[in-house]
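One structure is given here, and the rest of the page talks about it.
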Amino acid sequence: MLVSGNYGTYTEEIWMKTEKRYQIIPITNKIQEIISRSRIVDGLVLINPMHITASIFVNDFEYGLHSDIMAILNKLAPFFGPDGEMGTEYLHHRTGEDNGDAHLKRQLLGHQVNMPITNGVLQLGPWEQIHYAEFDGMRKKRILVKITGIIGDE
Amino acid sequence: MLVSGNYGTYTEEIWMKTEKRYQIIPITNKIQEIISRSRIVDGLVLINPMHITASIFVNDFEYGLHSDIMAILNKLAPFFGPDGEMGTEYLHHRTGEDNGDAHLKRQLLGHQVNMPITNGVLQLGPWEQIHYAEFDGMRKKRILVKITGIIGDE
Amino acid sequence: MLVSGNYGTYTEEIWMKTEKRYQIIPITNKIQEIISRSRIVDGLVLINPMHITASIFVNDFEYGLHSDIMAILNKLAPFFGPDGEMGTEYLHHRTGEDNGDAHLKRQLLGHQVNMPITNGVLQLGPWEQIHYAEFDGMRKKRILVKITGIIGDE
């Protein structure tokens, strides 16, 4: 169905501070609240972490799966602390950082998502849930939410 | 070149049911047909699987490569059935599911794409083809196609 | 904040030719220049490589990390030349190509990005930088930049 109307954009930043270094947090409700505030009723919502050691991804809201995601990412791009047992450090650590794994994990999981808005709500499949994945947490970070589309009647 | 006009959105769902559990299906023509139906001639098309054990991706329409994609994903996130030979199951399987690998594969391959529409058609490079990758098939699933942009003259 | 105005789109292609087969090139400034040329002041910019052996990604502009990215991708999807030491070739190589690894690396790193434009500029976090990753270079390739949003006053 073709829908038309006045075009607008709405931008809001969300602040996050996880309790753990590695953590997955569901944010679907938060995104829907921002959509409702935006007055945009049909279009797209871009959800983009503004930090490069975190991901936004869509998958099942199921804690076992969340652990599986962290486990596979750690197998593919392991954490090597300053005294990594394997004696191998990422070249990125020459800068003094110890979060090389976080930069890599965020790429493998996926950086950002764009989701559809129809009739004022996220148009989701039955199990689609939006999540924030943090790979270098315990400090304040931002997510950008940018909504573009048709402005609803007041 | 800057193009302007009346803004509209068009939303359509595609149903898929693959014959095999793991399968890659080219959908470029199907997406172009929806764009033609939409009357939107310039903008973006978001192609988003509404199920979390499938991917939309853009790559070569070449069956050898499609096998290579499935092989590498199975190396990185292997299938462990209920009686997995390695004795290791994903934690997700505690829910009774056996598709933990599918949730992970869809993240590694990539979840969704946004493609450009110019002059009424997908603006693609010479080898860019849009595909649906199914990792837990043989049942009905949906893909959401959301087009946003300039409405063409009637 | 809700912003409204006349909707427009702007499309431009960038040509790239890397010096090496595998190379990462920062393109944030180039994208900002195109945004400035477009006269679109608020909306989205889609940055999409038009070739299927390259990625656009957002991460740190730090050469150690860039080497780490290439290293992990080569671990996960190794290059096997025509005389690969492991005696294993990708099925894609039956076509006569030797770039099977490049097709896979581009999927693992991520294919494309959409970034937000606010007040005429890319709205980026402190370390977000846009990069082009080439996995089969030394030949001319294109990136599509598609900007959609509100047209600014002249």
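Residue numbers begin at 1 in each chain, while the letters A, B, ... track the order of the sequences. It should be emphasised that the depicted structure is a prediction, and the values quoted were computed from it without experimental measurement.
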Please report the closest heavy-atom contact between A/Leu104 and A/Ala77, naming both atoms and the distance. CB-CB, 3.9 Å
Where along residues 106-116 of chain C does a heavy atom come under 4.5 Å of chain A, listed by residue number? C/Leu108, C/Leu109, C/Val113, C/Asn114, C/Met115, C/Pro116
CZ of A/Arg37: more than 12 outside heavy atoms within 6.0 angstrom? yes
With rounding to the nearest 0.5 Å, note down the distance linking CG in C/Asp153 to CZ in C/Arg39. 8.5 Å
Contact listing (chain C partner; residues 123-150 of chain A; heavy atom under 4.5 Å): A/Arg142, A/Leu144, A/Lys146, A/Thr148
Taking non-hydrogen atoms and a cut-off under 4.5 angstrom, which of residues 3-32 of chain C neighbour chain A? C/Val3, C/Ser4, C/Gly5, C/Tyr7
Can you tell me how far the NZ atom of A/Lys105 sits from the CZ atom of A/Phe79, to the nearest 0.5 Å? 8.0 Å
Which residues in residues 41-69 of chain A have any heavy atom closer than 4.5 Å to a heavy atom of chain C? A/Leu44, A/Leu46, A/Asn48, A/Pro49, A/Met50, A/His51, A/Ile52
Is C/Phe80 close to C/Asp101 at the side-chain level, that is, under 4.5 Å between some pair of heavy atoms? no
Sort A/Ile151 into side chain, backbone, both or neither according to what part of it lies under 4.5 angstrom from a heavy atom of chain C. side chain
